[in-house]
Structure formats: C-alpha cells, structure tokens
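In the text below, chain A, chain B and the rest are named by the order of the sequence lines, each starting its count at 1.
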Protein chains: 2
Amino acid sequence: MSERRVSDDSRNDSPSSEGRPQGHGPKGTGTRNSFPRARSVREPRVSSQIQREVMQLILDRRLRAGAPLPTEAELMESLGVSRNSVREALKALQALDIVEIRHGYGTYVGEASLTPLVDGLTFRTLAQQGDDTGALAEILQIREVLEEGLVRRVAGTLSDAELARLEAVVERMEEAGRAGRPFPELDREFHELLYASLGNALVPQLLGAFWTVFRRVAGVRGWTDDPTPDVTVRRHRDIVIALRAGDVEGAQKAMADHFRGIEARAAQESRGVG
Amino acid sequence: MSERRVSDDSRNDSPSSEGRPQGHGPKGTGTRNSFPRARSVREPRVSSQIQREVMQLILDRRLRAGAPLPTEAELMESLGVSRNSVREALKALQALDIVEIRHGYGTYVGEASLTPLVDGLTFRTLAQQGDDTGALAEILQIREVLEEGLVRRVAGTLSDAELARLEAVVERMEEAGRAGRPFPELDREFHELLYASLGNALVPQLLGAFWTVFRRVAGVRGWTDDPTPDVTVRRHRDIVIALRAGDVEGAQKAMADHFRGIEARAAQESRGVG
DNA sequence: CCGCATTTGTACGTATGTATG
DNA sequence: GCATACATACGTACAAATGCG
C-alpha cells in the first residue's frame, strides 16, 4: 500500500483503444452475442456513453419529468450492452436526479433538481471542517449577497396578497416561537414565498439548496436550533414592514441584519464546538 | 486495512472450484458469507448504504481530495457486499465528484466540485427548451444579482496589484477583439479575478458553473459568439474604471450594464433560433 | 521493451425482493 | 393469494488500463 500519487490527468480521449466492437468474452456458448454492431468505433467508456445516450434520448423525445424510460432490459438490448453497464449508468444519472428509479416498477425521467448540489456541498462542507475559515461561512455569504439583491428586485412588485401571505408566515413563526417550537420550515417558506413573484423557478431552488446544506451541517454538528426565536421573528417582520412601505433600502438593510444574526449564531456555535 | 470483518464461524469454506451449477444465493444463505449481521433486517438499499459508508469513511479518516480510497475488492470485503453493488455506489459518488475513479489504477477522493451542478443545469436547460420563458434567462438573472452584489463588496478592498491584473485582462480582451478572435476564457478570467480578494472559494466556482452552463447551452444551440466584441470590452473596462475610482455605485451600474448586454444578446439569439 | 501484478471496466447467468394488477 | 414485470443483488469470468521490475 504505497503512496499512489495523484497527478493531474489531461482530458484526452485516450486514442489507444483500437475500437473492436466485438463483444467481450462470454465464456461457454455465446448464444446471441455474435452481432458486431452497436457501440461505434472508438468510445471512451461504455458506461459514460450510456449516460449520454439516455440523456440524449430524453432530449430527443422531449420527455418531461415523470415520463417512463425504457427498462434496463430494453436499454441493454437497444444499446447492445450488458445489464451491469446499464445499471451503473442509471445509478450515475440517478445521483444527478436526471432519472428516477423505482424498485420493482421502472425507471423514469427525474426532476433534475439541485439535490446533487445539496449532497455535494454538504459533503464538501463536512469534509473541510478543520480546513480554512469554514465553508459554511462561504455558503452563507453567497446566500446573503443573493437575497440582498433579490429583495431589492421584489420590493416594488409585491402585491397585497403576497404581502399578506408573508405576514401570515411571520405570524405563524411568532406562534411557534411562543410555544417553544422551532420553526425552520417556516423560515424556509418565508424566503421561498418572498421571491415567488420573480417568476424565476431557479431562485427558490438555489436558495433552498443552500438553506438545506446549512441545516444539515448544523444538524450533524449538533447545533442547537435558534436560541433566540423572538429575534428571528422580528428580523422577518422588519423585512415585511419595509416591503409594505415600499422602502427598498430598508428592505435590503433588514435582510442584511437578518443575515448578520445568522452569521453571529454560526460563528458562536463554531467556537463552541471548536 | 485495520478493520477486517471476516466470518469467524466459517465452518467449511469449500473454495468452490467447480461443479456447482447451482446459482449463487444472495445474502443470507450464501456459501461463505453466512453471518446474518451486516445489513440487518430492514434496510433501504445496499448501494445507497455503501455510498454513505464511503462518504463516512472519507470524513472519519479526514481524507483530502486526491487521497487513495480502498479498492473495490477491499470495499466488498470490508462491507460484505458484492462488487456490483460497490461499483454502482462508486459510480453514483463519481457523478457527484465525491470520488474519482481511474481505470486500472484506483479510486480516489474527488474534488467535490460543482460539476454535478453544471451537468444538471445544462441538461435541465436543454430539456426545458420549449417550456417557459427559458431556463437560461433564470440562470442569467441569478448571475446578475450575484455579481452586482459582489462587485459592491470588493469595490473598496481591491489592491492596486489586483486592479492592474484586471486591466491586463481587459487589455488582452481588446487585443483578441482586434484580431477577430473570440475571448470567452478571458471573460471568465475577469470575473474570477474580480472576486478573488473575497477569499470565498465558492464564489468563483458557482459563477464559473453558471458561466459554463451558459456557454454549453449556447454551443449546443449553435449561437454565434459575441457579435460585438468591442462593446463587451468596453463594459469590462467601465467596471475596472469605476473600481479604480472607488465608485461603488458606478461599479454596480457598470456590472448591470454588462449583464444587460448579455441578456439582449441571449434574447436575440433565442428569437433567431425560435 | 516486455511480461507481470494490480485494479478498474464489461459481460453473463441466476436468484430474490418489490410493486402492480 | 397469484401472476407478471422490474429492479436489486450475488457470483464469476474476461478485457483493458496502469505501474513496475
């Protein structure tokens, strides 16, 4: 077990493979394995190729999320590959939420959500724990920049109905706070609702991804949830008040204050744990 | 390595040389693997479990990117699962860039980069092409909000050396523009360099991810690259000029103008293609 | 340069759990 | 409960890539 060193590999396509379309050795009596076609001349990896083919299939047929995909058997038949390769490719696509696999039922087009981003960022944050000044603070800074800019853009465009809904969420926060219950989901709902009028479907997903990473890391590290719920409620209420007044600067400042509170809490917890 | 979990109660291993046409029983009634533990009564999925175990292994041993991971054989030994399951789990982790697999060499800890986000967003954008008002505009809006907020934060903190580097990039842009060469990489370098002083490693990666998605989608759709390079150069120069003057508002406005140009071009290309 | 060992990649066969009808 | 369709998992054999002596 010596040290297998890592050197940056160039991204070339390894022109070595002679491209023999012959099937790999099936010991014994190869039954129906004698066709030389499938898989054209030179290809990097069968599994990667299948990934691309499945994605291309979805694009070509314009399949939407939830649409059924060919079964594993059909894919190995139509692509001329083994079940193993098909399964590995589908597993990779499943990790990207490009396909969804239901045991005993079938394979379907996935939502292509930001779940992979959540998984990757969570892992990366946990792995870099003792590294530098904390990957969590970086995520928080991006959330802050995003939301400060976003709240400016929705400041003038919110309808009374939307403002009322935001106030209702704050109200429920206050109830939960009085009852001593934490209200993480309400916090998420508030920020999601806040930017709904933008019509940008990616905004809530991206913010939600960062939010989820924060929650998960906090959970793994055993942080207490929101030691000062009343302050948190007030921060959110200040945002709504500024928005109702049409005060763009005030809304951005209220949002900044909100994040200042989150940062302070995160820093405190980090110190506590070491 | 250290933890070797071998069934000590192997009464008779009988190295199965040949003559057993019988199928191989899966877990439970296996030949060698006869301990009923490991994966107790009800558990979600073996492959998913392996994914978590490998991630936990990286976290527990505090392995950094590039560090070698156990071989497939070692993993199937220590986890008591088949190689197929190990490979499927590793393929999923590879898709998330949590592990890196090198054919004929070994498996290593990955960079946990935002490659999965790029892949997912690219696919999603291409898949939603005829859907609504274009997922590309949503990505562009997020980039815009982010960069407008970020440029405010670096406005006062940039050193002369950093400003000089930015000016050098603009200079190279101008040269390329005069020579009729497109300069996508210089554009990327500019925005990356601009936020280097923040010390937030996630910022350039996230912006780079959005940038790459934009480029890839544009490439697939066959867009021409930058019909007005001189205007693009001027936008970047305006940003640097404002930053040198310490003009925070001016820098943000220049950034906004820059994105207005990109949006206009994207809208035009979309119309052109239909 | 060649052969060898190690390790990942692909393939086939089979048994079993799971969901649907 | 049964039948069917499908994903899940195990085991094995061989191919291809990489590194080393």
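- Each of A:Gly104 and B:Arg87 was matched to the nucleotide of DNA chain C holding its nearest heavy atom; the match closer to the 5' end belongs to B:Arg87.
- Closest approach to the B:Arg45 side chain among C:dA11, D:dT8, D:dC10 is made by D:dT8 (side chain taken as heavy atoms from C-beta onward).
- Summarising the geometry, the separation between CE on B:Met76 and P on C:dT7 is reported as 13 Å, rounded to the nearest angstrom.
- For the pair B:Tyr108 OH and D:dT18 P, the computed distance is 12 Å after rounding to whole Å.
- When Watson-Crick and G-U wobble pairs are counted only if both distances are under 3.5 Å, D:dG1 pairs with no nucleotide at all.
- The side chain of A:Thr71 places no N or O atom within less than 4.0 Å of a non-bridging phosphate oxygen (OP1 or OP2) of D:dA5.
- Here the P atom of nucleotide C:dG9 and the CD atom of A:Gln51 are 12 Å apart, to the nearest Å.
- Regarding B:Gln49, its CD atom lies at a distance of 15 Å from the P atom of D:dT8, rounded to whole Å.
- Atoms CD1 (B:Ile101) and C1' (C:dT10) sit 14 Å apart, rounded to a whole Å.
- No hydrogens or angles considered: a donor-acceptor pair under 3.5 Å links the side chains of B:Arg188 and B:Thr212.
- For B:Arg45 and A:His103, the side-chain atoms include at least one donor-acceptor pair closer than 3.5 Å.
- Residue side chain B:Asn84 reaches the base of D:dG11 through a donor-acceptor N/O pair under 3.5 Å, judged by distance alone.
- Donor-acceptor pairing under 3.5 Å, judged by distance alone, is absent between the side chain of A:His103 and the base of C:dA19.
- Atom CZ of A:Arg52 is surrounded by more than 12 heavy atoms from other residues, nucleotides or ligands within 6.0 Å.
- When the C1' atom of C:dA19 is taken as reference, atom CD of A:Glu100 falls 14 Å away, rounded to whole Å.
- Residue B:Arg83 places its side chain closer to C:dG9 than to any other of C:dG9, C:dT7, D:dA9.
- The phosphate of D:dC10 (OP1 or OP2) has a side-chain N or O of B:Ser85 nearer than 4.0 angstrom.
- Closest contact between the side chain of A:Ser47 and the listed nucleotides C:dT8, C:dT10, D:dC6 involves C:dT10.
- When every heavy atom of B:Gly120 is checked against every heavy atom of A:Ala112, the shortest pair comes out as O-CB, 4.5 Å.
- The OH atom of B:Tyr105 sits 25 Å away from the P atom of D:dA15 (whole-angstrom rounding).
- Across the protein-nucleic acid pair, B:Leu93 atom CG and C:dT8 atom C1' stand 16 Å apart, rounded to whole Å.
- With D:dC10, C:dG9, C:dA11 as the choices, the nucleotide that has an atom nearest any side-chain atom of B:Glu72 turns out to be C:dG9.
- Between A:Pro184 and A:Pro182, the closest heavy-atom pair is CD-C, 3.4 Å.
- The side chain of B:Glu88 has D:dA9 as its nearest neighbour among C:dT8, D:dC6, D:dA9.
- Backbone-only engagement by A:Arg102 is indicated by non-hydrogen atom pairs under 4.0 Å involving sugar-phosphate atoms exclusively.
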